[in-house]
Amino acid sequence: MEKTPIRDLKQHVGEVVKLQGWLQTLRDQKSMQFLILRDRTGLVQIAHWKKGNPELAELISTLGTESALTVTGKVVENEVVRLGGIEVQLESLVVENKAEIPLPFDPFAETLPDQDYRLDWRFLDLRRERNRLIFEVQTTLEAAMREYWLENGFIEMHSPKIMGAPSESGAELFSLKYFDTTAYLAQSPQFYKQMAMAAGYEKVFEIGPVFRADPSFTSRHMTEFTGVDFEISWIDSHEDVMSFAERWLAHVYKRVQEKHGEAIKAVFNVDLQVPELPFPRLTMAEAYQILKDQGYKLPPERKGDLDPGAERALGAYVKEKTGNDFVFVKDWPFTVRPFYHMLHEDNPTLTKSFDLLGRGLEITTGAQREHRYEVLKNQALEKGLTLPPIQNYLNYFRYGCPPHGGLGLGLSRLLMVILDLPNIREAVYLFRGPNRLEP
RNA sequence: GGGGGCGUGGUGUAGUGGUCGAACAUGUGGCCCUGUCAAGGCCAAGAUCGCGGGUUCAAAUCCCGUCGCUCCCGCCA
């Protein structure tokens, strides 16, 4: 017999069906047993008249909640049953895998243990509908990203995650033993996607793991996360990158809204709206003026940069003024940007770069890249880098590399913004941080 | 790396110098119960109050150290 999803039971009234799922609740009474069975699609009550099968009744009495079961029974309508007015009259039950008693914690209890404890037992925590929805949304989100890229002629890349030389800063790299030498885990596909520009691919994207050896203890940092990157050629400026990015994100929102809008409202109480285009844009200079007017005091040592409090303040300001959750902050000083960001011709202290804030959270950094070999070398030297370690990278710009730019986006951070999650540990399947390597 | 907060039965909390022989909820075990549905009723077990040291007649409670967690800052996506 084929298994029937619990959601579809209404169409099978009067039939004997096979159900497979987890025992969420057992109400064991003198003459009746009621089992609430859960699968991915819903909950249903299974009724068992004990005298009809005393041996089975005995077995059921020993079952712990969250045991994995296969049951068969007849679907009947019954107005008395509060759970959908439908129940299944038990005919057979197989315990595929019993749940030991007691459970480390009950995922369906009114009060849940600390998040850290739940992370120790992540597979149980993931049984909650809320958590499954997060990853259903993530799936739709990635599919929508790809859909938009493919419609626009992008090529997908898979760049290596093991690198021979520290590329950008070096400070945040994990190193590992690699036969007789030392290798590093990629902290971004930045150089590799630029190589694709030099290769003439024009538009590329990659969704893949990124590693950062930052001992950061915050609600929004991880040592391993999924980076979403794209890069496009023949642009005039970073404005072209922002313009593509906002249309791309609006498409993603549209797809997520279509597919999960109702569930997101029900579970997260978030009324998901496709953001209006174009996203508001502020230059850093404008951002500073707004912060000043708002009375936000930026620490003096942060000149030219924004701290998280300033980002939240800007996000709140833009939301109030325009209703948009997103805002681009552009034209950052070269002092706080990497060497490969292109400078403005009319103001060489500023870069053609931007951050994208979503609900005041930094989810993206992007820029037009400097593609002129001599200029790029000088900028590297100005940042105090030595050229030999990056010569392979620099070579991309010696034999016909088009002007280009792109961005990197944190997948889990975008999920935090979409679902209004307070902590990135919720937005990722398995969290990796300075003190978390298991499970 | 710097700063703040927290650590009490399996889990979530209360208790902040003596009334604590540590309370409540939930879970667990047992008994009872016209079909229950956040089931209900009765009973029981379960905590050397993170760990170590100190102050005090007296410490879950105050102090010091340590470990763990957490949030903020730094850094970033």
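Residue numbering restarts at 1 for every chain, and letters A, B, ... go by the order of the sequence lines.
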So [X], base contact, sugar-phosphate only, or nothing? Heavy-atom distance under 4.0 Å.
| X | value |
| --- | --- |
| A:Val210 | nothing |
| A:Asp116 | sugar-phosphate |
| A:Arg425 | sugar-phosphate |
| A:Thr226 | nothing |
| A:Phe225 | base |
| A:Pro215 | base |
| A:Asp114 | sugar-phosphate |
| A:Asn423 | sugar-phosphate |
| A:Thr364 | sugar-phosphate |

What nucleotide among [options] has an atom nearest to a side-chain atom of [X]?
| X | options | result |
| --- | --- | --- |
| A:Glu362 | B:C72, B:C76, B:G35 | B:C76 |
| A:Asn435 | B:U70, B:C37, B:C69 | B:C69 |
| A:Tyr117 | B:C76, B:G35, B:G10 | B:G10 |
| A:Arg220 | B:A77, B:C76, B:G35 | B:C76 |
| A:Arg82 | B:U36, B:C76, B:C37 | B:C37 |
| A:Arg312 | B:C37, B:A38, B:C72 | B:C72 |
| A:Ser219 | B:G74, B:C71, B:G12 | B:C71 |
| A:Val81 | B:U36, B:C76, B:G74 | B:U36 |

Counting Watson-Crick and G-U wobble pairs only, both distances under 3.5 Å, name the nucleotide matched with [N], or none.
| N | answer |
| --- | --- |
| B:G1 | B:C73 |
| B:A23 | B:U13 |
| B:G68 | B:C6 |

In whole angstroms, how far is the [atom2] atom of [N] from the [atom1] atom of [X]?
| X | N | atom1 | atom2 | result |
| --- | --- | --- | --- | --- |
| A:Leu112 | B:G27 | CG | C1' | 13 Å |
| A:Arg432 | B:C76 | CZ | P | 24 Å |
| A:Lys30 | B:C32 | NZ | P | 7 Å |
| A:Asp120 | B:U11 | CG | C1' | 13 Å |
| A:Leu35 | B:U36 | CG | P | 16 Å |
| A:Ile424 | B:C72 | CD1 | P | 12 Å |

Are A:Thr25 and B:A38 close enough that a side-chain N or O sits under 4.0 Å from OP1 or OP2? no
Are OP1 or OP2 of B:G35 and a side-chain N or O of A:Gln29 less than 4.0 angstrom apart? yes
How do A:Leu411 and A:Ile101 order along RNA chain B: which one's closest nucleotide is nearer the 5' end? A:Ile101
Relative to the 5' end of RNA chain B, which residue comes earlier, A:Phe431 or A:Glu224, by the nucleotide with the nearest heavy atom? A:Phe431
Is A:Lys254 salt-bridged to A:Glu147, cutoff N-O under 4.0 Å? no
Distance check, [atom1] atoms only: [N] and [M], in whole angstrom units.
| N | M | atom1 | value |
| --- | --- | --- | --- |
| B:G12 | B:C69 | C1' | 16 Å |
| B:G29 | B:G46 | C1' | 11 Å |
| B:A60 | B:U19 | C1' | 15 Å |

Tell me if the side-chain of [X] makes a donor-acceptor pair with the base of [N], cut-off 3.5 Å, by modelled atom types.
| X | N | value |
| --- | --- | --- |
| A:Glu87 | B:G35 | yes |
| A:Gln115 | B:U70 | no |
| A:Arg27 | B:C33 | no |

Do the two ring centres, one from [X] and one from [Y], sit under 6.0 Å apart?
| X | Y | value |
| --- | --- | --- |
| A:Phe244 | A:Phe154 | yes |
| A:Tyr148 | A:Phe230 | no |
| A:Phe211 | A:Phe174 | no |

With sequence neighbours excluded, tell me which residues meet side chain to side chain contact (heavy atoms under 4.5 Å, CB included) with A:Asp325. A:Lys319, A:Arg359
Atom CD of A:Glu136: over 12 foreign heavy atoms under 6.0 Å: yes
For A:Lys74, look at atom NZ and say whether over 12 heavy atoms of other residues, nucleotides or ligands are found less than 6.0 Å away. no
Contact summary for A:Phe268 and A:Ile134, nearest pair of heavy atoms: CZ-CG1, 3.6 Å
